[in-house]
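Note: hydrogens, waters and symmetry copies are ignored here, and every other heavy atom, side chains too, is used. Proteins get letters first, then strands, A, B, ... in listed order; numbering begins at 1 in each.
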Number of protein chains: 2
Amino acid sequence: MQQTTAIHMLESLASGIRLDIYRLLVKHISAGLVAGDIAQQLELPATNLSFHLKNMTQAGLLSVTQQGRYQRYRANLPQMLALIGYLTEECCGGEASACLDFSSLMYCAGQQCDTPAQTISET
Amino acid sequence: MQQTTAIHMLESLASGIRLDIYRLLVKHISAGLVAGDIAQQLELPATNLSFHLKNMTQAGLLSVTQQGRYQRYRANLPQMLALIGYLTEECCGGEASACLDFSSLMYCAGQQCDTPAQTISET
DNA sequence: GCATTAATTCAAGATTTGTTGTAGTATTGA
DNA sequence: TCAATACTACAACAAATCTTGAATTAATGC
């Protein structure tokens with residue numbers, strides 16, 4: 001990963017609204033959400049949401065597919081994994097796995113999930 | 001992790017200089033580096049480096065220990081892991097490990113490494 | 001064709017951020 | 001005590017970012 005790519009991703013995520021958008025889309029990793037749904041769930045004006053969605057898409061955080069007049073957004077998890085790899089590169093002199101401990105974390109990565117995430121329960 | 005904490009970490013990392021600092025300190029995960037060494041390796045004026053180190057420390061990305069008149073900085077990897085957990089929370093409806101694939105990544109996490117990283121070879 | 005809905009683009013103002021130079025604090029060693 | 005070193009704090013200007021409202025494009029259904 002290039003440095004500029006990482007910066008764009010981090011800049012994009014470093015905003016309360018965009019962080020909410022990203023985390024919401026991670027919860028709906030397989031199906032994604034259309035812009036209107038996101039606007040409704042996060043109570044954002046369409047104009048402002050559109051600004052942030054464009055920002056995140058250009059940063060590579062999200063992918064978009066058009067469905068008629070709807071735009072369906074999804075979190076780009078492989079790209080997030082690449083960012084994490086960039087951030088932790090060359091740790092322990094290249095022997096990264098030497099001090100790895102992810103057991104207590106709740107992740108979801110690799111390719112898209114095959115198990116659809118339909119249960120929405122954000123407080 | 002609170003949202004404000006995550007934002008501060010991401011804001012802090014979303015800068016070319018601070019990203020370089022962080023990655024450099026990840027390479028020296030166990031021993032860390034004093035401010036002067038960082039300034040020398042990244043060719044930064046002391047004033048500017050100090051500004052960024054303070055920013056990163058306040059964001060929780062780095063830890064500092066005083067050694068005489070030197071300040072030794074280290075990357076706070078557990079905090080980075082917490083951030084990653086926050087970003088990927090509730091993926092796949094809570095069944096995060098269902099679609100996990102970290103095999104191709106180079107990580108270093110958990111507590112500090114026990115194997116010192118002395119080999120410095122940034123191009 | 002025409003009205004409606006979904007989403008984006010554009011311009012403008014307020015806020016925030018980054019860099020630099022100067023000054024200041026604190027530790028070291030003679 | 002004095003000078004040198006390591007690092008930090010402050011002020012100020014230039015640059016980038018966020019939000020909002022009005023206008024625009026595109027797809028749908030009658």
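Only Ala46(A), Thr47(A), Ser50(A), Lys54(A), listed by number, bring a heavy atom of residues 43-57 of chain A to less than 4.0 angstrom from any atom of DNA chain C.
For the helix from dG1(C)-dC30(D) to dA30(C)-dT1(D), the terminal axes (five pairs an end, C1' atoms, rotation from four pairs onto the next four) enclose an angle of 30°, given to 10 degrees.
Rounded to an integer number of Å, the gap from CG of Leu42(B) to P of dC7(D) is 13 Å. Taking atom CD1 of Ile7(B) as the reference point, atom C1' of dC18(D) lies 13 Å away to the nearest angstrom.
Partners of Arg69(B) under the side chain to side chain donor-acceptor pair (under 3.5 Å) rule, at least two apart in sequence or in another chain, do not exist in this structure. Considering only residues two or more places apart in sequence or on other chains, Gln66(B) meets the side chain to side chain contact (heavy atoms under 4.5 Å, CB included) condition with Gln71(B). In terms of the side chain to side chain contact (heavy atoms under 4.5 Å, CB included) criterion, residue partners of Ile7(B) (sequence neighbours excluded) are, by chain and number, Leu19(A), Gln3(B), Glu11(B). Every residue two or more places apart in sequence or in another chain that forms a side chain to side chain contact (heavy atoms under 4.5 Å, CB included) with Leu33(B) is listed here: Leu24(B), Leu25(B), His28(B), Asp37(B), Ile38(B), Gln41(B). For Gln58(B), the side chain to side chain donor-acceptor pair (under 3.5 Å) test picks out no residue, with sequence neighbours left out.
Between atom OG of residue Ser63(B) and atom CD of residue Gln79(B) there is a gap of 11.0 Å, rounded to the nearest 0.5 Å.
Put simply, the side chain of Arg74(A) gets close to the backbone of Ala31(A): a donor and an acceptor are under 3.5 Å apart. Side-chain atoms of Thr88(A) come within 3.5 Å of backbone atoms of Ile84(A) as a donor-acceptor pair (strictly under, hydrogens ignored).
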Sequence neighbours left out, cut at 3.5 Å: what donor-acceptor pairs do the side chains of residues 43-52 of chain A make with other protein atoms?
{"unit_1": "Asn48(A)", "atom_1": "OD1", "unit_2": "His52(A)", "atom_2": "NE2", "d": "3.2"}
{"unit_1": "His52(A)", "atom_1": "ND1", "unit_2": "Arg18(A)", "atom_2": "NH1", "d": "3.0"}

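Inter-residue side-chain proximity for Leu77(B) and Leu81(B) is flagged as unmet; no heavy-atom pair is nearer than 4.5 Å.
Here Arg18(B) lies in heavy-atom contact (under 4.0 Å) with sugar-phosphate atoms only.
Val34(A) belongs to a hydrophobic cluster whose remaining members, ordered by chain and number, are Tyr70(A); membership requires side-chain heavy atoms of ILVMFWY residues under 4.5 Å apart, directly or through intermediates.
With Ile21(B) as reference, Leu42(B) is the one residue of Val26(B), Leu13(B), Leu42(B), Asn55(B) to meet the side chain to side chain contact (heavy atoms under 4.5 Å, CB included) rule.
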**OP:** Please step through side-chain contact (heavy atoms from CB on, under 4.5 Å) for the pair Lys27(B) and Glu89(A), ending with a clear verdict.
**Re:** CA-CA 8 Å; Lys27(B) 291 180 192 167; Glu89(A) 215 170 39; over 6 Å; no

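Bounding nucleotides for the chain A contact on DNA chain C, 5' to 3', at a heavy-atom distance below 4.0 Å, are dT4(C) to dT9(C).
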**OP:** For nucleotides 24-30 of chain D, just jot down a letter per nucleotide in 5' to 3' order: B, S or -, based on protein non-hydrogen atoms under 4.0 Å.
**Re:** ---BS--

